[in-house]
Amino acid sequence: MSRLILCGGGHVSRALAQVAVLLEFQVTVLDDRPEFADPEWFPGCATMAGPFEASLTRLGSRPDDFFCILTRGHAWDRACLEQILRGRYAYVGMIGSRGKVAATRKALEEAGVSRERLDSVHAPIGLDLGGQTPAEIAVEIAAQLIQVRAGLGPALTPPAADHGVLCTITAKSGSAPRGPGAWMLVYPDGHTIGTVGGGRVEYQVGQDALALWESGGETGEKSYDLASGGDLGMICGGHITVAFRRQ
C-alpha cells in the first residue's frame, strides 16, 4: 500500500485525507501545530505534530511514496519540498498560485536542486477541474493521485506483513479489467485492499480467499470466466487466473 504524506493539516488536507483513505492510501498528516495534527480531525490516518523537517526525516522515503505539500505558507512549502526532493518518491505535489510556485522553484534551483527534480513536482497541484472549495480541490488532487498511481501499474507492493490471503492475477485473456500482477489482499474479517477488477469477480475471489483461509490452506489457484454466460454471468468478457497465497 502506497503511503500518502500530507504536509499541512488545514482544510484541504482534512478533505483530501478522507478521500485518500477510501482510495486505500496509507495516510500520514504532518503539521508543526499540534492542534492541526489532531487525530480526531483525521480518522483512519496517522498524525505527527512537530517541525516539518524533523517529521519528514522520521518517516524517511520510499519509491512508491506520494507527498502533497499543503502548508500554510511559502517558507514551510519550500522547506518541505527541498527535503522531499532529496529522497525517493512516486509523486510530489505542491499547492499554491503559479507565482508562488515559480518563486519556490527559483529559490530551490539557486540552492542547487536539479532542474530534473524540480520538473517532477506537480505544481500547482491537482488536475484543473475548476474547483474552488477545499472539498473540490481535494477531489482534484485525489484525481491526480489516481492518475499517477495507475501509471505505475501493478508493480506497487502489497503489504507483506499483513495477515490474510494475497490474491494475484497471473494470467489474463480477453477484455478483463485488470491484468497480470494486479493484487488484492483479503483479511480474515472479509475487508480488502487492492483490486482484481471489482464487481462480481472481485466478490467471488474474496469468497474463495476466505474459504482458503478458513480451511487452513496455504496456496491455491483458480480461473474465472468473465464472459456473458460464463460462471460469473458478466458481460465484460475475458478470463483471469488468480493465485492465492496465505501470509
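Atom set for the values below is all heavy atoms of this structure, side chains included, hydrogens, waters and symmetry mates excluded. These numbers come from a predicted model, not from an experiment. For reference, positions follow the sequence shown, starting with 1.
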Point-to-point distance, once rounded to the nearest 0.5 Å, from CD1 of I84 to CG of D65 = 9.5 Å

Separation of I5 CD1 from C80 SG (nearest 0.5 Å) = 11.5 Å

For the residue pair H163 and W213, what are the closest heavy atoms and their distance?
-> CB-CH2, 4.2 Å

Can you get from V29 to I137 by hopping between Ile, Leu, Val, Met, Phe, Trp and Tyr side chains that sit under 4.5 Å apart?
-> yes

Min side-chain heavy-atom separation D225-H239 under 4.5 Å = yes

Any donor-acceptor N/O pair, S13 side chain to G8 backbone, under 3.5 Å | yes

Using a 4.5 Å cut-off on heavy atoms from C-beta on, say whether the side chain of V21 contacts that of C45.
-> yes

Would you confirm whether R78, through its side chain, and T104, through its main-chain N or O, come within 3.5 Å as a donor-acceptor pair?
-> no

Checking side chain to side chain contact (heavy atoms under 4.5 Å, CB included) for the pair L185/Q247: CA distance, chi angles, key distance, verdict?
-> CA-CA 10 Å; L185 182 62; Q247 58 179 43; 3.7 Å; yes

Just how far is it from atom OG of S114 to atom CG of L85, taken to the nearest 0.5 Å?
-> 8.0 Å

All heavy atoms of E82 vs all of A111, minimum pair found to be OE2-CB, 4.3 Å

Are F66 and V27 connected, step by step, through hydrophobic side chains (Ile, Leu, Val, Met, Phe, Trp, Tyr) whose heavy atoms are closer than 4.5 Å?
-> yes

Could you grab the distance from atom OG1 of T71 to atom CG of D77, nearest 0.5 Å is fine?
-> 3.5 Å

Provide the closest heavy-atom pair for L4 versus C68 in the form atom of the first, atom of the second, distance.
-> CD1-SG, 3.8 Å

Does a side-chain heavy-atom distance below 4.5 Å link T192 with C167?
-> no

Any idea which heavy atoms bring P34 and A49 closest together, and the distance?
-> CA-CB, 3.9 Å

Show your working on side chain to side chain contact (heavy atoms under 4.5 Å, CB included) between R117 and E109 and close with a plain yes or no.
-> CA-CA 10 Å; R117 283 268 164 166; E109 195 166 359; over 6 Å; no

Are any non-hydrogen side-chain atoms of F52 and D31 less than 4.5 angstrom apart?
-> yes

Would you find more than 12 non-hydrogen atoms of other residues, nucleotides or ligands less than 6.0 Å from D119 atom CG?
-> yes

What do the steps show when you test T168 against R245 for side chain to side chain contact (heavy atoms under 4.5 Å, CB included), and what is the final call?
-> CA-CA 8 Å; T168 306; R245 177 171 60 84; over 6 Å; no

Test item: D38 and T47 side chains (from C-beta on) under 4.5 Å apart, heavy atoms = no

Chi angles and distances behind the side chain to side chain contact (heavy atoms under 4.5 Å, CB included) call for M94, V101 | CA-CA 8 Å; M94 185 174 69; V101 168; 4.1 Å; yes

Spell out, yes or no, whether F25 and L30 are grouped together once hydrophobic residues are joined by side-chain heavy atoms under 4.5 Å, including indirect joins.
-> no

So, the side chain of E221 versus the backbone of A243: is there a donor-acceptor pair under 3.5 Å, distance only?
-> no

Nearest heavy-atom approach of I169 to V196 is CD1-O, 3.7 Å

Any donor-acceptor pair under 3.5 Å linking the side chain of E140 with the backbone of D128?
-> no

Is Q26 reaching over with its side chain to a backbone N or O of R3, donor-acceptor style, under 3.5 angstrom?
-> no

Spell out, yes or no, whether Y203 and W183 are grouped together once hydrophobic residues are joined by side-chain heavy atoms under 4.5 Å, including indirect joins.
-> no

Can you name the closest pair of heavy atoms from L210 and P188 and give their distance?
-> CD2-O, 3.8 Å

Using atom types as modelled and distance alone, determine if a side-chain donor or acceptor of K100 lies under 3.5 Å from a backbone N or O of I95.
-> yes

Counting N and O atoms only, with roles assigned by atom type, does the side chain of Q204 sit under 3.5 Å from a partner on the main chain of R200, one being a donor and the other an acceptor?
-> no

Stacked cation flag R72 on F36, 6.0 angstrom / 45 deg = no

Is there a path of hydrophobic side-chain contacts, each under 4.5 Å between heavy atoms of I, L, V, M, F, W or Y residues, that connects L70 with W41?
-> yes

CZ on F244 to CD on E218, rounded to 0.5 Å = 14.5 Å

Is it true that atom CD of E35 has more than 12 heavy atoms of other residues, nucleotides or ligands lying nearer than 6.0 Å?
-> yes

Identify the residue among T195, V205, I193 that makes a side-chain contact (heavy atoms from CB on, under 4.5 Å) with M184.
-> V205

Does one side chain, of Y91 or S2, offer a donor that lies under 3.5 Å from an acceptor on the other?
-> no

Test side-chain contact (heavy atoms from CB on, under 4.5 Å), reference F67, set L56, L6, L81, output is L56

Interatomic distance, H11 atom NE2 to L16 atom CG [nearest 0.5 angstrom] | 14.5 Å

Is the closest side-chain heavy-atom distance between L212 and V186 below 4.5 Å?
-> no

Should L59 and M48 count as side-chain neighbours, where that means a heavy-atom distance under 4.5 Å?
-> yes

Does some side-chain heavy atom of I240 sit less than 4.5 Å from a side-chain heavy atom of R178?
-> no

